[in-house]
Amino acid sequence: MTYVPITPFRGTVTEVLLANEHLARTTETRPHADKWDVLRELGVAGPELGVSDRQLTVLQALLSFHPETELGGDGDAPVVFPSNASICERLNGMACSTMRRHLAGLVKAGLIIRRDSPNGKRYTNRSGHAFGFDLSPLALRFPEICAMAEAIRAERDRLKRLRQTVSLMRRDLASLAIYGAETRPELSVWDAFSDLAILTARDLRRRLTEEDMNRLGKRLEEALDKARDLLEPNNLITTDAENEHHNHTSNTKVTGFEPSHGATRKEAKNDEDGKSIHRTSHDNEPAIPLGLILSICAEIQIYTEAPIRHWHDLVRAADMVRPMMGIQSSVWLEAVDTMGPEQAAVTVAAMLERFDQIKSPGGYLRHLARRAGEGKFSCAPMVMALMRKDAA
């Protein structure tokens, strides 16, 4: 009778070892997984499992000793038995003591099991029993690892979107503070709003938690509402271009205090640092007020619970509507990165106005994003074309 121990050589049985052993014995069919898929998902979920990058590097070296791509399945347990010297060689000369410490960390995390021989050596005997490192837990826990990695990716994506929203709110507040100081200089709140925008820009340079981002967003939302309430009584949001649109004219010369995203990349960077918050339109791109855009692209407002009052509201609405239009997240993020979030949102809103005429909205937005990256596309003519169509 041959017995394969689970106890590490000169070690003790742990709760993780027992759990892995129980899972292996009670599973009717041996789970299988691509070893490189497992490693890739661990690259995301590793910190949640208490596994460092160096430990994953050691695990990658162990996986390289397994000749098959698949781990598990109907065959024998995937046990590798390289010597310490062989492992260190594949780790570009890592110190043996360091390598052993990382191996112990992988065992403690429950990603591998030591299958030690009576003398602690690693080898396979004539009967086919191997003594070394059992990689079965990687296949057994692959669904758990994938779920953990997906949750982490979702959290990162949520935090990225939240940061984007806060950044847009900060930019809107900075613009309103400048405009308010010029049009209502008798009020003393504009310096406070400007300071809040600058301090938020500094905060955004740090790694913030979701709680921190929500706190910043709430402060900015309150300041934006107050700024808008102070400006709205003077009818500052209404422009001549909007009045002309209601009279069905074709005049496209527009003015407004809240222009579309037309800043150059250098100007946008200065804006993020809080050093220069004046926004300059890109060459050949008219400054279109948000109010005019919403009067032309009114369809998107049907899908929002609250009125769209600021640019970040429009970006949020476009992000909400685009899955209904068949635009995948990757395409939307590409458009945001290339065009800027405001231009991407205006483009989606304009596409929604003639959605029935677009065969592939996702492909069309990707095409426009690439043209924008080449400096050959701006959302302004797209909106103006809709305006002329309505006036016809």
Side-chain angles (χ1 to χ4, degrees), residues 159-239 242 254-282 287-294 304 306-318 336 340-343 345-346:
L159 189 60
K160 180 179 179 180
R161 292 171 187 271
L162 188 56
R163 176 179 285 271
Q164 181 186 90
T165 298
V166 170
S167 179
L168 286 171
M169 294 169 71
R170 186 210 65 78
R171 195 184 309 171
D172 286 346
L173 183 63
S175 297
L176 287 175
I178 293 174
Y179 186 77
E182 294 173 352
T183 57
R184 302 284 304 273
E186 73 277 7
L187 299 177
S188 60
V189 297
W190 308 119
D191 286 342
F193 289 159
S194 180
D195 290 343
L196 177 57
I198 294 173
L199 291 174
T200 301
R202 293 176 183 174
D203 287 338
L204 288 174
R205 297 183 197 137
R206 300 186 290 107
R207 186 184 297 274
L208 301 176
T209 65
E210 187 171 351
E211 182 180 355
D212 293 333
M213 299 293 286
N214 283 323
R215 176 180 53 80
L216 284 175
K218 184 177 180 180
R219 290 182 62 191
L220 290 170
E221 188 72 42
E222 293 173 352
L224 283 167
D225 288 340
K226 185 175 180 179
R228 187 176 184 277
D229 290 341
L230 291 172
L231 294 171
E232 204 169 39
N234 287 340
N235 200 24
L236 297 174
I237 223 169
T238 304
T239 65
E242 287 177 277
V254 296
T255 60
F257 77 89
E258 204 172 12
S260 65
H261 182 76
T264 62
R265 293 189 181 277
K266 181 178 180 181
E267 290 162 344
K269 181 176 186 299
N270 289 338
D271 181 49
E272 287 299 319
D273 292 340
K275 297 178 182 178
S276 174
I277 46 183
H278 291 281
R279 301 171 66 192
T280 305
S281 296
H282 198 283
I288 309 179
L290 179 60
L292 179 59
I293 290 172
L294 294 177
T304 60
I308 296 176
R309 305 171 66 183
H310 304 288
W311 282 107
H312 66 270
D313 295 330
L314 180 61
V315 175
R316 187 183 305 164
V336 168
E342 294 152 309
Q343 277 216 75
V346 173

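Among all heavy-atom pairs drawn from L173 and A197, the shortest one is CD2-N, 4.4 Å. Taking both residues in full, the closest heavy atoms of A317 and I308 are given as CB-CD1, 4.0 Å, listed atom of the first, atom of the second, then distance. Of all the heavy atoms in L204 and S167, the pair that sits closest is CD1-CA, 4.0 Å. Taking each heavy atom of D172 and W311 in turn, the nearest pair found is OD2-N, 3.1 Å.
Residues L208 and L162 fail the side-chain proximity criterion, which asks for heavy atoms closer than 4.5 Å. Contact annotation: the side chain of L230 approaches that of V189 to within less than 4.5 Å [non-hydrogen atoms, C-beta and beyond].
By the 4.0 Å N-to-carboxylate-O rule, E221 lies too far from R219 to be salt-bridged with it.
How far NE2 of H310 is from CZ of R316: 10.5 Å, rounded to the nearest 0.5 Å. Annotation: the span from L224 atom CG to D229 atom CG amounts to 10.5 Å, rounded to 0.5 Å. The line from CE of M169 to CG of D313 is 7.5 Å long, rounded to the nearest 0.5 Å.
Between the R170 side chain and the L220 main chain, no donor and acceptor come within less than 3.5 Å of each other. Put simply, the side chain of T200 gets close to the backbone of L196: a donor and an acceptor are under 3.5 Å apart.
Remark: R161 pairs with D157, D319, R322, S329, W332 by the side chain to side chain contact (heavy atoms under 4.5 Å, CB included) rule, at least two apart or across chains. For D225, the side chain to side chain donor-acceptor pair (under 3.5 Å) criterion is met by R309, not counting sequence neighbours. For R206, the side chain to side chain donor-acceptor pair (under 3.5 Å) partners two or more places apart in sequence, or in a different chain, are D203.
Sorted pairs that involve residues 194-225 and meet ring-ring contact (aromatic ring centres under 6.0 Å, His included), not counting sequence neighbours, are lacking altogether. A ring-ring contact (aromatic ring centres under 6.0 Å, His included) check over residues 181-222, counting only residues at least two apart or in different chains, returns the pairs W190-F193.
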Tell me which donor-acceptor pairs under 3.5 Å the side chains of residues 209-218 have, and how far apart each pair is, sequence neighbours excluded?
{"residue": "T209", "atom": "OG1", "partner": "D212", "partner atom": "N", "Å": "3.2"}
{"residue": "T209", "atom": "OG1", "partner": "D212", "partner atom": "OD2", "Å": "3.1"}
{"residue": "E210", "atom": "OE1", "partner": "R158", "partner atom": "NE", "Å": "3.4"}
{"residue": "E210", "atom": "OE2", "partner": "R158", "partner atom": "NE", "Å": "3.3"}
{"residue": "D212", "atom": "OD2", "partner": "T209", "partner atom": "N", "Å": "3.4"}
{"residue": "N214", "atom": "ND2", "partner": "E210", "partner atom": "O", "Å": "3.2"}

Review point. Under the side-chain contact (heavy atoms from CB on, under 4.5 Å) criterion, do E342 and L314 qualify, and how do the steps go?
Key: CA-CA 8 Å; E342 294 152 309; L314 180 61; over 6 Å; no

